[in-house]
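The basis for the numbers below is simple: all heavy atoms, side chains too, and nothing from hydrogens, waters or symmetry mates. All values reported here derive from a predicted model rather than from experimental measurement.
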There are 2 protein chains.
Amino acid sequence: MTEKVVPLTDLQIASQATMQPIAEIAEKAGIPENAVEPYGRYKAKIDVSQLPAKSRDGKVVLVTAISPTPAGEGKSTVTVGLADALSKLGEKTMVALREPSLGPVMGIKGGATGGGYAQVLPMEEINLHFNGDIHAITTANNALSAMIDNHLHQGNVLRLDPRRITWKRVLDMNDRALRKVTIGLGGPAQGVPREDGFDITVASEIMAVFCLATSLQDLKERIARIVIGYTYDKEAVTVRDLGVQGALTLLLKEAFKPNLVQTMEGTPALIHGGPFANIAHGCNSLIATNMARQLADIVVTEAGFGSDLGAEKFMNIKARRGGFAPDVVVVVATIRALKMHGGVPKSALGDENVQAVTAGIANLAKHIDTVHAFGVKPVVALNRFITDTSDEHQVVLNWCRANDVKVALTNVWEEGGEGGIALAKEVVGLMEEPTQFTHLYDVEQSIHDKLTTIVQKVYGGEGVRLTDQALKDLQQIEKNGWETLPICMAKTQYSFSDDPKLLGRPDGFTITVREIIPKLGAGFLVCLTGDIMTMPGLPKTPAALKMDIDENGNATGLT
Amino acid sequence: MTEKVVPLTDLQIASQATMQPIAEIAEKAGIPENAVEPYGRYKAKIDVSQLPAKSRDGKVVLVTAISPTPAGEGKSTVTVGLADALSKLGEKTMVALREPSLGPVMGIKGGATGGGYAQVLPMEEINLHFNGDIHAITTANNALSAMIDNHLHQGNVLRLDPRRITWKRVLDMNDRALRKVTIGLGGPAQGVPREDGFDITVASEIMAVFCLATSLQDLKERIARIVIGYTYDKEAVTVRDLGVQGALTLLLKEAFKPNLVQTMEGTPALIHGGPFANIAHGCNSLIATNMARQLADIVVTEAGFGSDLGAEKFMNIKARRGGFAPDVVVVVATIRALKMHGGVPKSALGDENVQAVTAGIANLAKHIDTVHAFGVKPVVALNRFITDTSDEHQVVLNWCRANDVKVALTNVWEEGGEGGIALAKEVVGLMEEPTQFTHLYDVEQSIHDKLTTIVQKVYGGEGVRLTDQALKDLQQIEKNGWETLPICMAKTQYSFSDDPKLLGRPDGFTITVREIIPKLGAGFLVCLTGDIMTMPGLPKTPAALKMDIDENGNATGLT
């Protein structure tokens with residue numbers, strides 16, 4: 001192995017992989033031929049109405065992480081590698097993941113299909129457009145916007161107040177110049193002037209609705225409930241008032257079918273839906289998870305960012321809606337992130353620092369506690385990086401053993417499923433043990449109580465403070481009778497608190513909620529804390545500058 | 001047939017049709033299996049690099065029309081029906097059509113897949129999202145916009161003047177409120193404020209480039225040449241200067257593969273690309289037309305609006321670029337449109353009016369003359385509507401015979417290919433005769449000469465007048481050495497002149513060019529006349545209000 005001087009890129013590894021025809025993957029997954037609608041040779045959409053009657057309730061393994069570094073801790077990579085390892089152990093396994101958003105792919109993040117020898121394939125197509133689902137959501141979102149502005153232009157029968165329209169346009173793009181815009185300029189023939197803004201598509205409520213609906217009819221009913229703004233009398237106006245829920249659902253009809261692909265080792269994978277983990281709930285579609293549970297004995301799935309964000313919402317929003325409980329929670333940790341929580345600056349994360357790892361474990365410990373608070377069993381996946389030292393690893397392994405926490409070193413980036421066998425064995429072992437899953441709060445509790453529960457039990461803080469604006473929002477929500485919805489926290493992923501600089505395991509802090517946005521279609525109340533960005537910007541040197549096609553028409557530079 | 005009281009809608013007819021698996025259609029077309037990438041069961045993308053070596057040069061039948069009514073004259077329907085009729089006669093035939101834009105589908109126009117028993121299938125999928133090509137073009141267009149605004153935000157090394165950025169954003173939507181906007185508001189972190197606007201995607205130069213490129217490499221080279229604005233020193237800035245031609249081409253890589261579908265009678269059809277026929281050249285992609293010519297003996301294709309718009313550009317832009325000549329031109333006429341040209345108001349178009357038909361024939365006569373001017377043989381397809389009377393038909397048939405113009409009554413909406421047999425026989429007959437195709441102008445002529453040629457020989461007007469702005473544009477274009485490109489006229493489709501109210505066969509008019517926009521990527525100079533709309537609006541009661549899904553998840557209300 002000493003000759004391997006220049007490591008291959010993810011795209012190169014993916015391009016060299018041999019894929020199985022999607023019909024074979026479908027057959028392996030137990031999907032009948034008439035349910036498979038191929039999209040190219042290695043992707044398919046699945047018509048869930050053609051699946052065989054439910055014969056099992058697959059167990060759910062949720063992959064989350066400690067509070068991440070900006071580069072991420074390889075959660076998708078571990079998810080894929082763990083699934084391949086479970087397949088190797090003979091378990092009937094499926095992966096369920098979110099769809100990558102193009103904006104970050106063109107910007108800084110690169111792809112979101114795992115890495116190294118633990119990827120879902122075809123990597124390039126999944127990262128670029130995939131089967132068009134996000135484009136369909138963009139279109140439905142913006143068709144609604146066009147209908148709203150057309151309503152204003154054509155006489156405004158509903159008396160919609162242009163200053164109180166809350167529905168924004170979206171693009172699947174990192175484009176900061178669209179955050180705040182004025183539209184309808186140019187005179188009476190060009191619409192009604194008003195302030196507007198664009199979010200990234202994955203922040204659209206249509207995306208959240210798409211990922212929580214259980215059927216096309218449910219999707220339509222939820223879309224109808226979306227609040228798009230308020231009248232001059234401050235009465236809520238919904239999509240139903242505009243009468244376009246049918247058209248918007250029709251635009252989503254094909255997209256709503258889960259997408260089947262494969263891991264590099266041939267494990268069937270569903271990739272469907274991808275809501276933001278800060279403004280929304282951050283996990284793949286409920287319909288895909290349900291489908292995977294129907295077909296496989298073990299479903300490995302992922303929720304965005306750390307256990308304080310994606311996993312909390314997975315438990316309190318998605319699992320509640322879906323009526324299931326996760327059986328095991330994998331907490332991905334990296335030596336790099338632990339060192340960061342131990343106080344090491346970004347530039348020195350590659351240097352050995354056993355003391356910093358030891359200090360940083362406080363963050364991991366809190367995530368473990370959070371998982372326990374839900375009555376679920378955690379296992380730590382220590383995701384190996386090339387700069388790690390074995391002394392650093394030993395710190396984590398020792399701490400876990402001393403605290404009776406299951407742990408496994410994983411090396412799936414380099415070794416694929418083989419590098420996840422130890423983790424898979426721990427997961428299978430934990431599945432034998434009973435869980436006592438509990439949503440941490442009851443939706444009937446007051447909003448203040450629900451918020452306090454999340455802050456205390458999930459974040460480890462003291463309590464919650466509402467700004468004047470949030471109190472005003474609260475009043476409006478109570479007036480409308482919307483208070484019995486679950487909470488969807490919008491918070492920085494870098495800290496348990498709402499201050500991204502408070503690393504490790506902060507305590508004694510209060511979370512400030514500055515706005516509460518009712519999302520009646522999604523069925524939750526978004527509570528905004530800190531500066532949450534719903535439209536990212538591009539960096540000085542965007543990833544797009546490296547992307548290209550070669551003389552043979554093959555993609556290059558996609559990471 | 002007397003029981004058939006309520007006629008079926010196009011969607012109902014389409015839903016009841018039996019489709020052949022796309023693999024069978026591909027086989028019938030002579031496309032090898034390894035070139036076929038299925039998208040669902042009845043659509044595929046074709047990898048043209050896998051096609052067999054060229055063994056023929058299929059003849060090209062171009063379908064155009066007289067100056068249309070707002071509802072259109074059924075050009076797509078005749079195109080599909082004619083192809084089915086040719087297939088019935090034993091000719092190896094393929095259809096090449098544009099992809100429908102979603103904006104008009106949601107707005108007023110409804111679908112664009114033909115009608116009645118002369119449709120391309122699957123109707124619903126083709127009209128809604130299809131295989132995602134237009135979404136890919138939207139994304140590439142807006143990725144470029146994001147890169148431009150990011151360049152301004154990150155220091156503006158190129159010294160791009162924010163007031164002179166000509167590249168606009170796009171959406172595949174009818175959304176008048178986005179025609180004129182201001183972006184980058186909200187302070188220094190939200191980009192640089194400037195005026196901007198959104199066009200509909202089919203008006204994007206990326207769409208025009210996509211439809212004129214002969215290969216992925218050619219596509220990339222053309223994208224690199226696109227002018228996106230000017231510096232403070234008024235020097236042109238191109239995509240190459242920003243360095244993103246590779247990334248934009250990569251975003252279009254899958255979309256660039258032609259889409260294979262079928263007509264209701266099983267004739268293979270390629271549907272690929274769909275540029276506006278006013279601001280752009282209005283015909284399907286050159287790569288699809290080339291592919292169809294390689295596989296079939298006869299290719300039936302369509303260009304937007306009347307012979308003064310789509311057909312003129314087909315001859316002068318597309319055929320010039322592609323190095324081929326159309327063999328026969330079908331001019332679709334309807335009794336309704338002829339009556340309109342004969343002075344009948346819209347409300348009375350359903351009433352018999354032989355005199356008005358006679359008067360309206362002047363419009364048809366000019367379109368015939370225009371086709372002759374290109375040295376090509378025309379045949380009139382009189383597309384039968386239920387309100388027509390046989391006396392009205394007789395007027396047209398008699399005039400054609402008296403003037404030695406081939407003509408056939410078509411009834412493909414009701415009868416499919418059977419209703420186009422007479423037309424097909426005329427077409428086959430004309431193909432035996434030699435043509436002397438000529439582009440009407442040479443690209444080396446001056447812009448003024450090229451414009452004058454089009455106005456005199458195609459429109460039947462006297463000459464051209466340039467506004468001060470257009471003269472300024474001309475100067476700039478000559479200074480940059482761009483004057484040897486062909487002209488792409490942007491003109492109303494309702495009249496040969498630039499005044500939509502001048503129906504029939506106007507003469508003595510002058511065309512006023514108010515702006516000349518260089519499209520270096522597409523390789524033509526857009527000359528704007530009149531008020532050309534590049535972003536349509538929605539009507540008071542958009543078509544979307546009728547669209548829905550039923551309890552079984554089937555589409556309803558799509559027309």
Residue selection (most heavy-atom pairs with chain A, distance under 4.5 Å) from [options]:
| options | value |
| --- | --- |
| B:Leu248, B:Thr556, B:Leu178, B:Val244 | B:Leu178 |
| B:Leu171, B:Thr139, B:Asp149, B:Leu545 | B:Thr139 |
| B:Arg41, B:Arg179, B:Glu551, B:Glu37 | B:Arg41 |
| B:Val181, B:Leu152, B:Leu185 | B:Leu185 |
| B:Met535, B:Arg194, B:His153 | B:His153 |
| B:Lys220, B:His129, B:His151 | B:His129 |

Toward chain A, the part of [X] with a non-hydrogen atom under 4.5 Å:
| X | answer |
| --- | --- |
| B:Pro193 | neither |
| B:Leu242 | backbone |
| B:Pro38 | both |
| B:Glu195 | neither |
| B:Leu102 | side chain |
| B:Val192 | neither |
| B:Asp550 | backbone |
| B:Leu251 | both |
| B:Gln245 | neither |

Q. Between B:Leu144 and B:Val239, is a side chain to side chain contact (heavy atoms under 4.5 Å, CB included) present by the stated rule, with each step listed?
A. CA-CA 8 Å; B:Leu144 177 52; B:Val239 171; 3.7 Å; yes

Q | Audit row: B:Asp196, B:Lys168, side chain to side chain contact (heavy atoms under 4.5 Å, CB included) steps and yes/no | A | CA-CA 6 Å; B:Asp196 194 14; B:Lys168 289 166 81 177; 4.1 Å; yes

**Q.** A:Asp531, CG atom: more than 12 neighbouring heavy atoms under 6.0 Å
**A.**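 Check fails, neighbour count at 12 or below.
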
Q: Kindly assign one of parallel, tilted or perpendicular to the pair A:Phe210 and A:Phe256, based on the angle between their ring planes and the thresholds 30° and 60°.
A: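 Geometry flag for A:Phe256 against A:Phe210: perpendicular rings.
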
If you tally heavy-atom pairs under 4.5 Å against chain B, which of [options] wins?
| options | value |
| --- | --- |
| A:Glu254, A:Lys546, A:Lys45, A:Met173 | A:Met173 |
| A:Ser145, A:Gly132, A:Ala544, A:Gly186 | A:Ala544 |
| A:Thr249, A:Leu128, A:Ile183 | A:Ile183 |
| A:Ala44, A:Ser215, A:Ala136, A:Gly187 | A:Ala136 |

Of all the heavy-atom pairs spanning [X] and [Y], show the shortest one and how long it is.
| X | Y | answer |
| --- | --- | --- |
| B:Asn174 | B:Gly103 | OD1-C, 3.2 Å |
| A:Leu250 | B:Asp548 | CD2-O, 3.9 Å |
| B:Val261 | B:Pro122 | CG1-CD, 4.3 Å |

Q | Exercise: do A:Asn131 and A:Lys43 side chains pair donor with acceptor under 3.5 Å | A |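 Side-chain D/A pair, A:Asn131 to A:Lys43: present.
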
Q.
Tell me if a side-chain donor or acceptor on B:Gln12 pairs with a main-chain N or O of B:Thr9 at a distance below 3.5 Å.
A.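 Yes: the side chain of B:Gln12 pairs with the backbone of B:Thr9.
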
Q) Counting N and O atoms only, with roles assigned by atom type, does the side chain of A:Asn552 sit under 3.5 Å from a partner on the main chain of A:Asn554, one being a donor and the other an acceptor? A)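 Not a single qualifying donor-acceptor pair exists.
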
Q. Side chain, backbone, both or neither: which part of A:Gln190 has a heavy atom under 4.5 Å from chain B?
A.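 Both backbone and side chain of A:Gln190 come within 4.5 Å of chain B.
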
Q: Side chain from CB out, backbone as N, CA, C, O: work out which of these in A:Ile549 comes under 4.5 Å of a heavy atom of chain B, or both, or neither.
A: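 When you check distances to chain B, atoms from both the backbone and side chain of A:Ile549 fall under 4.5 Å.
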
Q | Among A:Asn141, A:Asp172, A:Asn142, A:Thr138, side-chain hydrogen bond (donor to acceptor under 3.5 Å, both in side chains) partner for A:Thr201 | A |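 Answer to the side-chain hydrogen bond (donor to acceptor under 3.5 Å, both in side chains) test with A:Thr201 among A:Asn141, A:Asp172, A:Asn142, A:Thr138: A:Thr138.
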
(Q) Run A:Ile126 and A:Asn259 through side chain to side chain contact (heavy atoms under 4.5 Å, CB included) and show every step you take. (A) CA-CA 10 Å; A:Ile126 296 171; A:Asn259 306 293; over 6 Å; no

Q.
Measuring from atom CE of A:Met147 to atom CD of A:Gln154, what distance do you get when rounded to the nearest 0.5 angstrom?
A.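 Rounded to the nearest 0.5 Å, the CE-CD separation comes to 11.0 Å.
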
